[in-house]
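Here's the structure we're looking at; comments come further down.
Both ligands and their constituent atoms are indexed starting at 1 by order of listing.
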Amino acid sequence: MKVSVDEEACIGCELCVTNCPEGFEMDGEVAKPKANPLPPEAEECAKQAAEDCPTDAITVE
Ligand code: F3S
């Protein structure tokens, strides 16, 4: 699964990193995917992180 974080939209709340550490890490002020594509074991929480992101900065496909 491919995942991307819109750096313009991300406000650095770290919710995705907290809830899905397998999928995301902080890169300075913004989050970034740990890998692309993400490994299967990170897919479920990455989808949830995309739903929960307050600014809808995460796209999964
Ligand atoms: Fe940024 Fe959304 Fe994560 S604002 S830190 S991509 S939850």
Side-chain angles (χ1 to χ4, degrees):
M1 190 177 77
K2 288 186 183 169
V3 58
S4 61
V5 175
D6 181 343
E7 293 185 7
E8 300 290 316
C10 176
I11 56 171
C13 73
E14 300 191 29
L15 190 64
C16 56
V17 178
T18 301
N19 290 343
C20 188
E22 305 94 326
F24 301 92
E25 61 190 0
M26 293 307 290
D27 181 15
E29 297 291 300
V30 298
K32 69 173 186 181
K34 274 194 164 172
N36 225 341
L38 284 179
E41 60 270 24
E43 289 188 2
E44 271 313 306
C45 71
K47 284 183 205 166
Q48 190 64 48
E51 278 184 34
D52 293 344
C53 174
T55 64
D56 288 332
I58 302 170
T59 302
V60 294
E61 55 184 286

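Remark: minimum distance from atom 5 (S) of ligand 1 to any protein heavy atom is reached at Glu14 N, 3.3 Å. At the top of the distance list for atom 2 (Fe) of ligand 1, counting protein heavy atoms only, stands Cys53 SG, 2.3 Å. Annotation: atom 4 (S) of ligand 1 to nearest protein heavy atom, Ile11 N, 3.3 Å.
Close approach of ligand 1 to Ile58 (heavy-atom distance below 4.0 Å) involves ligand atoms 6 (S). In summary, the atoms of ligand 1 found under 4.0 Å from a heavy atom of Cys13, numbered by their order in the structure, are 4 (S), 5 (S), 7 (S). Near Ala31, meaning under 4.0 Å from any of its heavy atoms, are these atoms of ligand 1: 3 (Fe), 5 (S).
Between Cys45 and Cys20, a gap of under 2.5 Å is found separating the two SG atoms.
Using modelled atom types, no side-chain atom of Asp52 and backbone atom of Cys16 make a donor-acceptor pair closer than 3.5 Å.
Atom NZ in Lys32 sits 12.5 Å away from atom CZ in Phe24 (nearest 0.5 Å). Atom CG of Leu38 and atom CD of Glu44 lie 12.0 Å apart (nearest 0.5 Å).
Counting heavy atoms closer than 4.0 Å to ligand 1, residue Thr55 contributes side-chain atoms (C-beta onward) but none from N, CA, C or O. Under 4.0 angstrom from ligand 1, there are no non-hydrogen atoms of Val30.
Atom CD of Glu25 has more than 12 neighbouring heavy atoms from other residues, nucleotides or ligands inside a 6.0 Å radius.
In this structure, the side chains of Asp6 and Thr59 stay at 4.5 Å or more apart for every pair of heavy atoms. Between Pro33 and Val5 there is a side-chain heavy-atom pair separated by less than 4.5 Å.
Note on Cys16: not counted as a metal contact of atom 2 (Fe) of ligand 1, no N/O/S atom lying under 2.8 Å. Among the backbone and side-chain atoms of Cys10, an N, O or S atom lies under 2.8 Å from atom 1 (Fe) of ligand 1.
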